[in-house]
Amino acid sequence: MPNTSYPKGMEKLLSAQINLLNDDLRVALLPPTYTYSNTHEFLSNLGTRIGTDMVLANKDVTGGVFDADDVATDPLPPGNTAKSVAIYKNTGNASTSPLLFFFDTVTGLPMATNGGAINFPWSDGPDKIAVLDGPFIPLGGELVMKAGVNFLTDTLKVAMLPATFDHEGTYQSLADLGEIIGTPVELTGKSITGGVFDAADVDFGTVPAGKSPGSVALFRQEADAATSPVLQIIKDDIMGLPFAGNGGGFKLRWSDGNAKIFSLIPA
């Protein structure tokens, strides 16, 4: 199967319970007998592990991309086959150490142990170990990875952006976005289920004639626009956008598909 994430771990990431930069993250080497399940939540669910779990060293979170040093095992006795790896947050207790990422496709694996160590690198591509990309903006993804946003308890709002908005620009705060159409609306009915974030549809009310909404920005409300971080800019899969305002109302309807507003579980 393709590399993926654990839904319960992604719930914790979105609830600011996981800090990929500062937490004690470790890598477990797994035999062919392990089968990934989206219900697995803790280290204890993995069953048999090969050798001693490895500490992720020199972790880095930049622009929504997570990376760390490549890993190497201690010498492993002959007789096992290393098939896959899982990354988890170590709490000191296997029953409470949350699983985060599962890698079934790793350079050098599967490999039969022969008494030597196994070295395997993380991807040198743009995604490295893990990435939060579109609709997350880079600094928004970075904030989430550093436990800087709780999608359940923080005040999150949505703002309409004009069709002329430059999606290639670099943004950090609400003030950086420039023109906003109408008044931002707070998200209600928020939920995180299996790494999927959802909320109630958003009623923006009247859109003035002559204004043309083309996308929306999801941000966390702080004291003012300059300190309110933008998390996502969403321009695809929103029913009714873009459109030319004519003085009528607009209600943003989120997707009814599996991904809802967004999902941290690869499709």
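By convention here, the first residue in the shown sequence is residue 1. What you see is a predicted model, and the numbers here were worked out from it, not measured in a lab.
Taking CG from L46 and OG1 from T33, the interatomic distance works out to 10.5 Å, rounded to the nearest 0.5 Å. To the nearest 0.5 Å, the span separating CZ on F151 from CZ on R220 amounts to 9.5 Å. If you take NZ on K12 and CG on D23, they are separated by 12.5 Å, rounding to the nearest 0.5 Å. Between the CG atom of D201 and the CG atom of L187 there is a distance of 10.5 Å, given to the nearest 0.5 Å. Rounding to the nearest 0.5 angstrom, the gap separating the CG atom in L56 from the CG atom in D69 is 8.5 Å. Interatomic distance, N38 CG to F102 CZ, rounded to the nearest 0.5 Å: 12.5 Å.
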For this session: Please step through side chain to side chain contact (heavy atoms under 4.5 Å, CB included) for the pair F42 and S95, ending with a clear verdict.
Result: CA-CA 6 Å; F42 299 112; S95 297; 5.7 Å; no

Exercise. Hey, mind stepping through V202 and W254 against side chain to side chain contact (heavy atoms under 4.5 Å, CB included) and telling me if it holds?
Worked result: CA-CA 8 Å; V202 180; W254 302 114; 3.9 Å; yes

Problem set entry | side chain to side chain contact (heavy atoms under 4.5 Å, CB included) evaluation trace for M160 with F204 | CA-CA 8 Å; M160 286 190 294; F204 282 102; 3.7 Å; yes

Problem set entry | Trace of the side-chain hydrogen bond (donor to acceptor under 3.5 Å, both in side chains) decision for S37 with T39 | CA-CA 5 Å; S37 171; T39 64; 2.7 Å; yes

For this session: Report the C-alpha separation of V27 and D53 in whole Å, then their side-chain angles, then the decisive distance to 0.1 Å, and conclude whether the side chain to side chain contact (heavy atoms under 4.5 Å, CB included) test is met.
Result: CA-CA 5 Å; V27 182; D53 295 346; over 6 Å; no

Exercise. What do the steps show when you test N93 against T91 for side-chain hydrogen bond (donor to acceptor under 3.5 Å, both in side chains), and what is the final call?
Worked result: CA-CA 5 Å; N93 184 334; T91 66; 5.7 Å; no

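Under the 4.0 Å criterion applied to side-chain N and carboxylate O atoms, K157 and E222 are not assigned as salt-bridge partners.
Side-chain heavy atoms closer than 4.5 Å link hydrophobic residues (I, L, V, M, F, W, Y) into clusters, and following such links, possibly through other members, connects L25 to V71. When the side chains of ILVMFWY residues are joined at heavy-atom separations under 4.5 Å, either directly or via intervening members, V185 and I233 end up in two distinct hydrophobic clusters. Under the 4.5 Å side-chain heavy-atom criterion for grouping Ile, Leu, Val, Met, Phe, Trp and Tyr, I192 is connected to V158 within one hydrophobic cluster. Follow the hydrophobic side-chain contacts under 4.5 Å out from I137 and you never reach V149; the two are in separate clusters. Connection of M54 to F66 is established within a shared hydrophobic cluster, with ILVMFWY side chains joined at heavy-atom distances below 4.5 Å, either directly or through further cluster members.
Side-chain contact check for D24 versus K89: every heavy-atom pair is 4.5 Å or farther apart. Between P98 and I18 the shortest side-chain heavy-atom distance falls below 4.5 Å. At least one side-chain heavy atom of V85 sits less than 4.5 Å from a side-chain heavy atom of F120. Side-chain atoms of L241 and V216, non-hydrogen and from C-beta on, do get closer than 4.5 Å to each other. In this structure, the side chains of P213 and F243 come closer than 4.5 Å at one or more pairs of heavy atoms. Between F219 and S228, the closest side-chain pair of non-hydrogen atoms falls below 4.5 Å. Put simply, the side chain of L109 reaches to within 4.5 Å of the side chain of I118, judged on heavy atoms. Here the side chains of V196 and M10 are not in contact, with every heavy-atom distance at 4.5 Å or above.
Side-chain N or O atoms of D70 include one that pairs as donor or acceptor with a backbone N or O of W122 at under 3.5 Å. Looking at N3, its side chain does come within 3.5 Å of a backbone N or O of T105 through a donor-acceptor pair. No donor-acceptor pair under 3.5 Å is formed between the side chain of K83 and the backbone N or O of P31. Panel note: side chain D203, backbone G205; a donor-acceptor pair is recorded below 3.5 Å. At distances below 3.5 Å, not a single donor-acceptor pair connects side-chain atoms of Y36 with backbone N or O atoms of T4. For the pair N19 (side chain) and N22 (backbone), a donor-acceptor distance under 3.5 Å is present. Distance alone, capped at 3.5 Å, places no donor-acceptor pair between the S255 side chain and the I261 backbone.
When all heavy atoms of P208 and I181 are compared, the pair lying nearest together is CD-CG2, 4.5 Å. Nearest heavy atoms, L132 versus G141: CD1-O, 3.7 Å. When every heavy atom of S5 is checked against every heavy atom of P266, the shortest pair comes out as OG-CD, 3.6 Å. For the residue pair T227 and P229, the shortest heavy atom distance occurs at O-CD, 3.2 Å. The minimum heavy-atom distance between S15 and E11, with the atom names listed, is OG-O, 2.9 Å. Nearest approach of T73 to A117, heavy atoms of both residues: O-CB, 3.2 Å.
The side-chain contact (heavy atoms from CB on, under 4.5 Å) with I129 is formed by just one residue from the set L100, L20, D67; it is D67.
By the neighbour-count criterion of 12 heavy atoms within 6.0 Å, atom NZ of K128 is densely surrounded, having more than that number from other residues, nucleotides or ligands. Within a 6.0 Å radius of NZ in K8, other residues, nucleotides and ligands contribute 12 heavy atoms or fewer. D166 CG: more than 12 foreign heavy atoms inside a 6.0 Å radius.
Ring geometry, F101 versus F103: the interplanar angle falls from 30° to 60°, so the pair is classed tilted. Using a 30° and 60° split on the angle between ring planes, Y6 and H40 fall in the parallel class, below 30°.
Under the 6.0 Å cut-off for aromatic ring centres, F136 and F262 qualify, their centroids lying closer than that.
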